[in-house]
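Quick note: residue numbers are just sequence positions, from 1.
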Amino acid sequence: VQSRRTRATAGPEIERLIELLARLPGYGPRSARRAALHLLKKRDAVMRPLAGALTEAADRVRTCSICGNLDVIDPCGVCTDPARDDHSLCVVAEVGDLWALERSAAFTGHYHVLGGVLSALDGVRPEDLRLGGLLERIKREGITEVVLALAATVEGQTTAHYVADLLADALPDSGVQVTRLSHGVPVGGELDHLDDGTLQAALKSRR
Ligand SMILES: [Zn+2]
């Protein structure tokens with residue numbers, strides 16, 4: 001007697017597709033099945049172009065060795081853009097935060113992606129973040145303003161305190177101004193979920 005689950009099986013190839021889709025953030029088995037069916041139905045319009053884009057991204061996208069952004073060139077397009085303000089550096093947790101700030105067009109300086117936030121719960125320690133590179137950059141690039149654009153979560157604010165203390169200890173009397181996004185950033189809100197206007201306001205009223 002076959003189990004219900006076995007009878008529902010669509011064949012190993014489709015099951016594999018569903019299983020992989022279910023690993024995406026925000027996806028569970030149910031949404032993965034729906035996505036798999038949609039892809040198979042829209043094979044030429046969606047599935048093949050998506051497969052091509054996935055392969056190309058997997059082969060070509062790399063992490064910028066200076067700022068931690070993702071791009072097909074290293075250093076990335078932001079780091080090599082001559083029109084940007086060379087003296088202002090915005091510290092963010094993840095590449096998604098950098099993208100959110102870029103979409104809002106409120107910040108014209110350079111970025112530094114930490115690669116996460118400090119978290120006792122998830123076991124993220126200072127040595128797990130790109131902090132050494134941050135200090136080196138501030139010294140090497142003659143940065144005069146560091147904007148800490150970290151989320152208003154407990155972890156985000158713990159990280160902001162840590163980075164501010166680190167800069168104060170490592171660069172005493174350097175004159176580097178350390179500012180933070182204002183409380184326009186909602187508690188628990190991640191930068192990527194904010195609309196552009198809120199982000200612009202939070203950046204404008206940084207202190
Ligand atoms: Zn870069």
Q) How long is the span from the CG atom in L129 to the CG atom in L118, to the nearest 0.5 Å? A) 5.0 Å
(Q) Measuring from atom OG of S65 to atom CZ of R130, what distance do you get when rounded to the nearest 0.5 angstrom? (A) 8.5 Å
Q. Among the clusters formed by ILVMFWY side chains lying less than 4.5 Å apart, do L166 and L150 turn up in the same one?
A. yes
Q: Kindly work out whether a path of hydrophobic side-chain contacts (I/L/V/M/F/W/Y, heavy atoms less than 4.5 Å apart) joins L50 to L21.
A: yes
**Q.** Test side-chain contact (heavy atoms from CB on, under 4.5 Å) applied to V113 and V91, I66, V92, L70, the passing residue
**A.** V92
Q. Judged by modelled atom types alone, do Q177 and T144 share a side-chain donor-acceptor pair under 3.5 Å?
A. no
Q: Return each pair, listed once, that meets ring pair (Phe, Tyr, Trp, His ring centres under 6.0 Å) where at least one residue sits in residues 102-155; pairs must be two or more places apart or across chains.
A: F107-Y111
(Q) On a heavy-atom basis, which atom in V117 and which in G156 lie closest, and how many Å separate them? (A) CG1-CA, 4.1 Å
Q: Mind listing the closest non-hydrogen atom pair of E94 and G116 along with its distance?
A: OE2-CA, 3.5 Å
Q) Between C79 and C64, which heavy-atom pair has the shortest distance, and what is it? A) SG-SG, 3.8 Å
Q. Can you find a pair of side-chain heavy atoms, one from V147 and one from L89, that are under 4.5 Å apart?
A. no
**Q.** Validation row: L40, M47 side chains within 4.5 angstrom (heavy atoms)
**A.** yes
Can you give each donor-acceptor pair under 3.5 Å made by side-chain atoms of residues 52-61, sequence neighbours left out, with the distance rounded to 0.1 Å?
residue: T55; atom: OG1; partner: A51; partner atom: O; Å: 2.9
residue: E56; atom: OE2; partner: R60; partner atom: NH1; Å: 2.8

Q: Could you state whether V46 and I18 fall into the same hydrophobic cluster, counting links through intermediate Ile, Leu, Val, Met, Phe, Trp or Tyr residues with side-chain heavy atoms under 4.5 angstrom apart?
A: yes
Q. Between E145 and V176, is there a donor-acceptor pair closer than 3.5 Å when you use the side chain of the first and the backbone of the second?
A. no
Q: Give the cluster check for L171 versus L114: same hydrophobic cluster or not, with ILVMFWY residues linked at side-chain heavy-atom distances below 4.5 Å.
A: yes
Q. What pairs meet the salt bridge (charged side-chain N to carboxylate O under 4.0 Å, His left out) rule with one or both residues in residues 70-92, with sequence neighbours excluded?
A. R84-E102
Q) What distance do C90 atom SG and D97 atom CG have between them, rounded to the nearest 0.5 Å? A) 9.0 Å
**Q.** Gap separating the CG atom of L134 from the SG atom of C67, nearest 0.5 angstrom
**A.** 12.0 Å
Q.
Under a 3.5 Å distance rule, please check whether S119 uses its side chain to pair with a backbone N or O of E155 as donor and acceptor.
A. no
(Q) Does any part of the side chain of L148, heavy atoms only, come nearer than 4.5 Å to the side chain of V178, both counted from C-beta? (A) yes
Q: Please name the pair of heavy atoms, one in G142 and one in H87, separated by the smallest distance, quoted to 0.1 Å.
A: O-ND1, 3.1 Å
Q. More than 12 non-hydrogen atoms from neighbouring residues, nucleotides or ligands closer than 6.0 Å to CZ on R140, yes or no?
A. yes
Q: For the residue pair L167 and I138, establish whether any side-chain heavy-atom pair is separated by less than 4.5 Å.
A: yes
Q. Can you get from V78 to V72 by hopping between Ile, Leu, Val, Met, Phe, Trp and Tyr side chains that sit under 4.5 Å apart?
A. yes
Q) Heavy atoms, side chains only, cut-off 4.5 Å: are T158 and Y162 in contact? A) no
Q) Within the side chain of D128, is there an N or O that forms a donor-acceptor pair under 3.5 Å with the backbone of R125? A) yes
Q: Begin from the C-alpha positions of H161 and R180 and carry the test side-chain contact (heavy atoms from CB on, under 4.5 Å) through to its verdict.
A: CA-CA 10 Å; H161 280 295; R180 293 178 199 217; 3.6 Å; yes
Q. Roughly how far apart are I14 CD1 and R33 CZ, rounded to 0.5 Å?
A. 12.5 Å
